[in-house]
Each structure stands twice: as C-alpha cells, then as structure tokens.
There are 2 protein chains.
Amino acid sequence: MDSTTDMIEQAEPEARNAVKGAQTLMRALDILDEVIAGPIKTVEIARKLGMSKTTAHRLAHALKSRDYLSITPDGFALGPKLLQLGAMAESQTDLVRLARPLLEVLSSETGFCSFAGQREGDWSRHLDRVNGRQRLRVATIPGDVRPIAETGLGKALLLDEGEETWRRLYVASRNGRVTESEVQRWIAHMREFKVRQVVDHDSELGDGVHSIAAPVRNAKGRIVMAISIAGATQYYQGEDAGQLAGKVARSAREISALAGYAG
Amino acid sequence: MDSTTDMIEQAEPEARNAVKGAQTLMRALDILDEVIAGPIKTVEIARKLGMSKTTAHRLAHALKSRDYLSITPDGFALGPKLLQLGAMAESQTDLVRLARPLLEVLSSETGFCSFAGQREGDWSRHLDRVNGRQRLRVATIPGDVRPIAETGLGKALLLDEGEETWRRLYVASRNGRVTESEVQRWIAHMREFKVRQVVDHDSELGDGVHSIAAPVRNAKGRIVMAISIAGATQYYQGEDAGQLAGKVARSAREISALAGYAG
DNA sequence: CTATGCGTTCCGGTATATGAAACAAGTGGT
DNA sequence: ACCACTTGTTTCATATACCGGAACGCATAG
C-alpha cells in the first residue's frame, strides 16, 4: 500500500454516497426511502432531502411514470411496480444460498460447526451445515428433522410464538414426561431468549452438546429461518459466552438484511 | 382548449419517456427491468439497452450500493431492498380502495351495478359496490356472503382451482340435489370461463339476475379478488355481450396491474 | 505468446440536471 | 371580496453531473 494510507485506517465502510456519477439516481432513491414511511407530499420531500421543489417534483413524477410511486390524496405512495419487483426478488432469493457465506465466516471465526434450518410444523429441518475446526462434531446433517423444542435452532424459530405454544411443543418433545416446574423453568428461559433474540441451548438428551442460535427474519418481519453454532460442551470452556452469542446474533441480523428485513 | 390540438387527438397516452430531466434515473430503472428476467452481466445490460459499458457499470453499481441489486456469479440479480419495498408497498396497498375508481368507470360506462369481492374459504364476500343507472338493482351489499359457486364473482375467484374443487363446491351450493349431467355441464362452462378469464353467470335461483365477472391477480399471479357487473336479465337485451365481457375483463386487468400483476 | 471477454478506472466535452422565479389553483381567514 | 398562504407546475439560463471513448487489469483459452 502507499504510505499515506497506513497512518490512519479510514474506517469508513464505503457508504452509500461512495458511488459517484449518479446523483440523479441517488436522489430518486432517497425519495423512495422517504415514501417508505408512508404517503408524503412534494414539498415535504424537498424539505427533508434538502433539494429544490422543482427537483423533488421532477424526480417523483419520473418515478411515478414508471409506477414506482403512485399519487394519493395524501401525496406520493409506493407504487405497483414495487409489488412486482418484490415478488420477483422473492422468487429469485434463495435464503440458504444467501446464508452460506455468513455461516462460513461464523465457523471460521468461532471454530464451531454452524447450521441453518427452518420450521416445518412442529419440527425443525436442518438445511445446511458448515464444519468448524473441532475434532468432535455434531452429527446433524442437512435434511435432518428434529422436534422443534428439542434443538437450539428450533427454539430460535419459536421466539415469536405464544407461551401456550411453547408449553405444548415442550411437553410434546418430552413425550408428556415432564413436571409443571420443569415446564415453568423452560418457559422462563424462552422468555429470556426472546428478549435477547439469542438462544442458549443445552441438549436435554445428555449427550454433552451445546448450541447458540438466532432467528432470521424476512422483509415482513416473520421468522423464516434460524442459524446456530453447535459443539461439545467442553469446547465452550474458555470462550466468552456473550461474545459467541453476539457473533451468532450479528450473523443472523446480516442474513435478515439480505432477506429484506429492515427493522 | 387551443385550436392546434383539436385536429388530431394525440392518442399517445403519455408514455414512460415523456418525463424529461431524469435520464440517469430512467436508464437505471431500465436496468432494473432487465434484471427482472434473471441474473444478467454488465456487458449484456449495455448491449440490450444500447448504452456504453461504462454507464451500465456505473449505474448497476450505484443500484447495488443501495441494495436494489446484488451481485451473483451469474451477474446482477434483484437485491434485498426490493424485498423490503415490496413488503411495504403490499402493506400500504388497499385493493378495494384501488379498485373503486375502476368500478365507477365500469358502472358509468355500462349502466350496471358493479361489485368487488374476495374469497373466504368456500364463500365469497362482497366488499364494495357501485350503483349503475338502472331502476332494478341487485340487492347485494358490501359485507354479504354467498356460497362461492353460486355467484359470478365467486366463480371468477375459482378459475385457478382444480376440477375436483369445482365439483365439490358446486354440489355443496346445490345441497347435493344435483345430477351428474348437471355437474358435467357446469364444469364444462367453468372450463370455458377459465380460457376466456371471464365468467358469464345466470343465477340458478331463478331470480332473473345475470352477472359478468373477472378475476383480479396480485404480483404473484394469485387470484386475490374479483369484480363483476350484475343486473336484471332483460337489461342485457340489445347489449353486445362480448363487448360487456371485454370491459369487465379489461377493468380487472387494470386493477391487477395496480396490484403489481405483470403477466 | 496472442486473442478474447469482462470488469474497472480515467478524463474531457457537452448533454443534462439543477434551482430561482413566476404562474396556477386551491384553501382558509378577515 | 380580498389577501395570505400552501402546494403543484412550468420555464429558463447556468453549472456540472453524466456520458462514452480509451486504456488498463485480469482472467481463460487456443
């Protein structure tokens, strides 16, 4: 590298305004961003984005001429073209493929195996796995199906469910052989997982497997997948539990962003 | 108006290229349109749209920097931002409100009452009505629910269903009091309606009501609503049946476009 | 090694986008 | 009736944002 850059590492992660030579386009997209929040008038657009009334008018109407915006009594609103594009993007988007690179990073950073899976009724299906660097590996392979309350991945898929559902699925996973106090403890844990949006799971099968999982949300905010890292309990010795959980959660958020989640 | 315009009615309905002063934006949206068809490389974009490699590169990357496009091994694909915009547009879109103006045109052009409704299981619910100019009016009001096989609107909602479903719903609507040959005749009619994407319906209740209905599709191509015109049988005397059907079908297609349907 | 295809960067000239200003049209207040 | 105010629309001279040609980097292939 050249000597002027190694003094201060410009941390700026190459933001939106990095691209030059497309001012008009960028401004138009800024307008779209404003309209996302709800119908908005020309003057308000100009004010918020610091452009002249003229420009706001011209660009908004250009977008309208292409059906990206529509005109309502309350000003501009999102147009039908976006419905079409959204539907097409959805059909072109393969969540597992999108998640793959993130899972690889997760495994290489943590050393654990990482997984992706989705809900199928009362079951969770594993869709993808990336191996870590550890000698002992969780055996689960893509395609495997497990009772949803029995795995960390499954619990992450359940975070938006009500407590009655939690109870039902937990009891089912234990074949009904469970005391009320066990159920209460389990639900209390789920509450905490829900707040943190991360699941910490110790297998109740006594096989010494521990996993950390987090939900992935789509553009509508629905949980459509979950990812996890998993490995033998002893591998967690000496690891910073909070940091591991943070990494899983961050990866899940990144995948969510790729899936169009805005929140 | 001024005297220069009344000679030749410029039929041009103000196309996309009408808007001036947004070349960059328009070209970028052209690129999006190309990507809809599937992943595409920079050079291919430039070739198809007749722009320089440089420009295609710059605009595509500008769109990518805003997540409207993503980069795949096969070139540019639709990006996550479109998932978000699509979901938001969907939540902002009220089909009934969109359909209203079209229903009003339909009624004023034909004189008949017009209706909009959607499917609820084995029933069809009327959501909106616009009165025509006729003395005799169909009594149906918004909120009314009817067996789905019993109305023109309902049949339009069923056009994408299989023949077994048609049979089941027809038999149910007749409380089982129906011969096999009647069923066959009914299904034969439905087949024809499906081809024409227009339903011609004579009430089997013997109340002298006739209706013409057509399905409305959303961005994913699913039938999500239907519209119809209805009135006493005698009002259809002297009307061109094909022309009426055409008007209903065209209105339905226009509403579908507002709902993001591309086909 | 040359050839070919694609992505990327650079740069000068000009088509193009910009904002000020004025106009149009509606709303509400006095 | 008039004015004050708001929002949408059009016009226009100017500055600059955008364009395309050219050249470079980097593959893959013959």
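Chain letters run A, B, ... following the sequence lines, proteins first and then strands; every chain starts at 1. Everything numeric in this text was worked out from a predicted model, so none of it was measured. Heavy atoms only: backbone and side chains are in, while hydrogens, waters and symmetry mates are out.
Within 4.0 Å of A:T42, counting heavy atoms only, lie sugar-phosphate atoms of the nucleic acid but no base atom. A:R27 comes within contact range of the sugar-phosphate backbone alone, with a heavy-atom separation under 4.0 Å but no base atom that close.
Minimum atom distance to the side chain of A:Q23 is reached by C:dT18, of the listed C:dC6, C:dA22, C:dT18. Considering only side-chain atoms of B:R58, the nucleotide from D:dT7, C:dA17, D:dC19 that sits closest is D:dC19. Taking every side-chain heavy atom of A:H61 into account, D:dT9 is the closest of C:dT16, C:dC6, D:dT9. The B:H57 side chain lies nearest to C:dG7 when the options are C:dG7, D:dC19, D:dT10. Nearest to the side-chain atoms of A:T54 among the listed nucleotides D:dG20, C:dG19, D:dC18 stands C:dG19.
Ring centroid separation for the pair A:H61 and A:F76 comes in under the 6.0 Å cut-off.
Between B:K220 and A:S91 the shortest side-chain heavy-atom distance does not fall below 4.5 Å. A 4.5 Å side-chain heavy-atom check between A:Y68 and B:L25 finds every atom pair outside the cut-off.
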A:I31 vs A:I40, test: side chain to side chain contact (heavy atoms under 4.5 Å, CB included). Steps then yes/no.
CA-CA 10 Å; A:I31 291 180; A:I40 184 173; over 6 Å; no
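We find that NZ of B:K53 is positioned 15 Å from P of C:dC10, with the value rounded to whole Å. At whole-Å resolution of the value, NZ in B:K64 and P in C:dG7 are 14 Å apart.
Checked by distance alone, B:K41 brings no side-chain donor or acceptor within 3.5 Å of a matching partner on the base of C:dG7.
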